[in-house]
Number of protein chains: 2
Amino acid sequence: MISSIAELISDRIGTMPAGERRAAQTLIANYPLTGLKTVAEFSTAAGVSSPTILRFVARLGFQNYPEFQSALQDELAAQLQSPASRTLNSASPANGGAVSPMLEATLDNMRETFRHLTDKQLADIAARLAERRGKTFLIGGRFTDPLARYMAAHLAIIQPDVYHLAGQESIWRDRLIDMGKRDVLVIFDIRRYQESLLRFAEKAHQRGVQIVLFTDQWLSPIARFARHVIAGRTAVPSAWDSSAALFVVAETLIGAVTRQLEAAGAKRIRDLESLR
Amino acid sequence: MISSIAELISDRIGTMPAGERRAAQTLIANYPLTGLKTVAEFSTAAGVSSPTILRFVARLGFQNYPEFQSALQDELAAQLQSPASRTLNSASPANGGAVSPMLEATLDNMRETFRHLTDKQLADIAARLAERRGKTFLIGGRFTDPLARYMAAHLAIIQPDVYHLAGQESIWRDRLIDMGKRDVLVIFDIRRYQESLLRFAEKAHQRGVQIVLFTDQWLSPIARFARHVIAGRTAVPSAWDSSAALFVVAETLIGAVTRQLEAAGAKRIRDLESLR
DNA sequence: CAAATTACGTAACATAAGATACAGCGCTCC
DNA sequence: GGAGCGCTGTATCTTATGTTACGTAATTTG
């Protein structure tokens, strides 16, 4: 199978006449830039005439020159976006302002967070979230509740019985009555840890609920009751702590759970689509 | 000293009229590809007319469009040739499981997102959010609303009149009555873009509300009405798109706004503390 | 609130780009 | 060594691209 135009060229370059071969070589030499220029520029660069260039692209299977250019651009777009081949000037002094420290710290937080997180841990948690024996509840603190919402919004699509606990304490406390051993409670709690969440977690724990805790590196007191603890780095040069690392862990988990439920989930998503 | 065209643009984007700013944002969003296409394609991508594109490149100091394209191509050539700094930590063999690809992609997304985002842009947006002339409203789509909540939760602490628009469409539509020129509306909208948000944004725009848009690299149609556009990378090896990059941008902005309001904000935070 | 200025888009224009027809040259094969 | 075939370039044509002029709308300023 031939994907890129460069491959296509090197595949057929053997069967080409001399002039077209020169065109091909010129293009490959500084791929794909020459192909983005005009036919005239291409032709002089290759030392051949314009019609030769046109015959060359025609031989590659393109109807006309613009079509050929579009293909090159699409390919370039894919390259520029995908991390793989990018040249990425992280050393660019360009943005050396106030942005970099924040970004750098965040990136470091993520690396650190994942360094202390094994595949097995994540797989276990994902498995627990994916096994459909009971219900899944999610809740967060003052600043982390949006993370709970974000996760709930995704999980609720691929499986039933996913509930985000919102509103006043009294409201979700009453939901305890519905929780049991087979259920999972996902809690987000970072400094400063919230009393109300601790109380709630304790009671849920007493009822045998499996608790998955997202917290910071200093560990919320809830860790005491949690079956799984994810400790994310939160330090950034800002007045606030960063929840970005936890956010990425959440996304990773969402992805893992989705993969596990692929068969069942795919059908469910189709069903949901048809409901619209 | 200004080397790249991207820098040149972000340097002058503040002094540009609305239409040209849209052109600039569109170009930056997936730099430099849009600039390599024809004027007509560029203009439709940006949602403006061809002459606006030409005025845009003229303002950047180019004599004509081909000259501008040549400059972009030269820049691209330099980038493609230097096999530079890539693969920072891709050599970390530690966790070679299912985690790495997700994390790596996310890290790349962030670098890429910030690469297309200058300090000046962020500073401008932060300044707009910090100037206390009017109210600040935040709203998001199905999966991004938690980001709006997250940002609102922080901003609401350091300044008054910050509102997160939640619940049904009819509810926040009625809030339009309260919005005017001095107000700011922060919208989060990534694929698949939501009709309801577009309608809401258009009406808000008509009322003169300043819109700050967080979207993905393909730009929500709301970009048309936005004063500021932040285009985050969202592609990850998962069934879902990632909002992590936008999340980090949001955190960065929160930090910047906080810094600007330091004097006023610090007092406010003390007052809040004493209320507990 | 009014006037002046600036910005934007529509439409017509000129130019440069890609496409094509045809003739000359070189190469191969008989 | 000659005839046929194929490749290449010159010159011409057509298309569509970039450019410009002008009228209208929006925005700013007094």
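Throughout, protein chains are lettered first and strands after them, A, B, ... in sequence-line order, and every chain is numbered starting at 1.
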Notebook entry, point to check: Sequence neighbours excluded, which residues qualify as salt bridge (charged side-chain N to carboxylate O under 4.0 Å, His left out) partners of A:Arg149?
Noted result: A:Asp145
Which pairs would a plain distance check flag for residues 180-187 of chain B, meaning a side-chain donor or acceptor within less than 3.5 Å of a matching protein atom at least two apart in sequence or in another chain?
from     : atom 1 : to       : atom 2 : distance (Å)
B:Asp183 : OD1    : B:Lys135 : N      : 2.7
B:Asp183 : OD2    : B:Gly180 : N      : 2.8

Next item on the list: Give me the bend of the helix from C:dC1-D:dG30 to C:dC30-D:dG1, using the axes of the five pairs at each end, rounded to 10°.
Entry: 40°
Check: Who pairs with A:Ser238 by side chain to side chain contact (heavy atoms under 4.5 Å, CB included), at least two apart in sequence or on another chain?
Finding: A:Met102, A:Val236, A:Trp240
Next item on the list: Name all residues meeting the salt bridge (charged side-chain N to carboxylate O under 4.0 Å, His left out) criterion together with A:Glu67; count only those two or more places apart in sequence or in a different chain, and write none if there are none.
Entry: none
Next item on the list: Go through the structure and list residues passing side chain to side chain contact (heavy atoms under 4.5 Å, CB included) with A:Arg12, not counting sequence neighbours.
Entry: A:Leu8, A:Thr15, A:Met16
Checklist line | Any residue meeting side chain to side chain contact (heavy atoms under 4.5 Å, CB included) with B:Pro66, in chain and number order, not counting sequence neighbours | finding: B:Asn64
Check: What's the shortest heavy-atom distance between B:Arg233 and B:Thr113, and which atoms?
Finding: N-OG1, 2.9 Å
Next item on the list: Only counting residues at least two apart or in another chain, list the ones meeting salt bridge (charged side-chain N to carboxylate O under 4.0 Å, His left out) with A:Glu251.
Entry: none
Notebook entry, point to check: Among all residues two or more places apart in sequence or in another chain, which pass the side chain to side chain contact (heavy atoms under 4.5 Å, CB included) test with B:Ala6?
Noted result: B:Ser4, B:Ile28, B:Tyr31
Notebook entry, point to check: Rounded to the Å, how far apart are A:Arg21 CZ and D:dC7 C1'?
Noted result: 12 Å
Check: For nucleotides 5-23 of chain C, read 5' to 3', which letter fits each nucleotide if B means a protein heavy atom sits under 4.0 Å from the base, S means only the sugar-phosphate is that close, and - means neither?
Finding: --SBBB------SSBB---
Under 3.5 Å, sequence neighbours excluded: what are the donor-acceptor pairs made by side chains of residues 48-57 of chain A?
from    : atom 1 : to      : atom 2 : distance (Å)
A:Ser49 : OG     : A:Thr52 : OG1    : 3.3

Check: Which of residues 199-211 of chain B have a heavy atom under 4.0 Å from DNA chain C?
Finding: none
Margin query: What is the separation between atom CZ on B:Phe56 and atom P on D:dG18, rounded to the nearest whole Å?
Written below: 15 Å
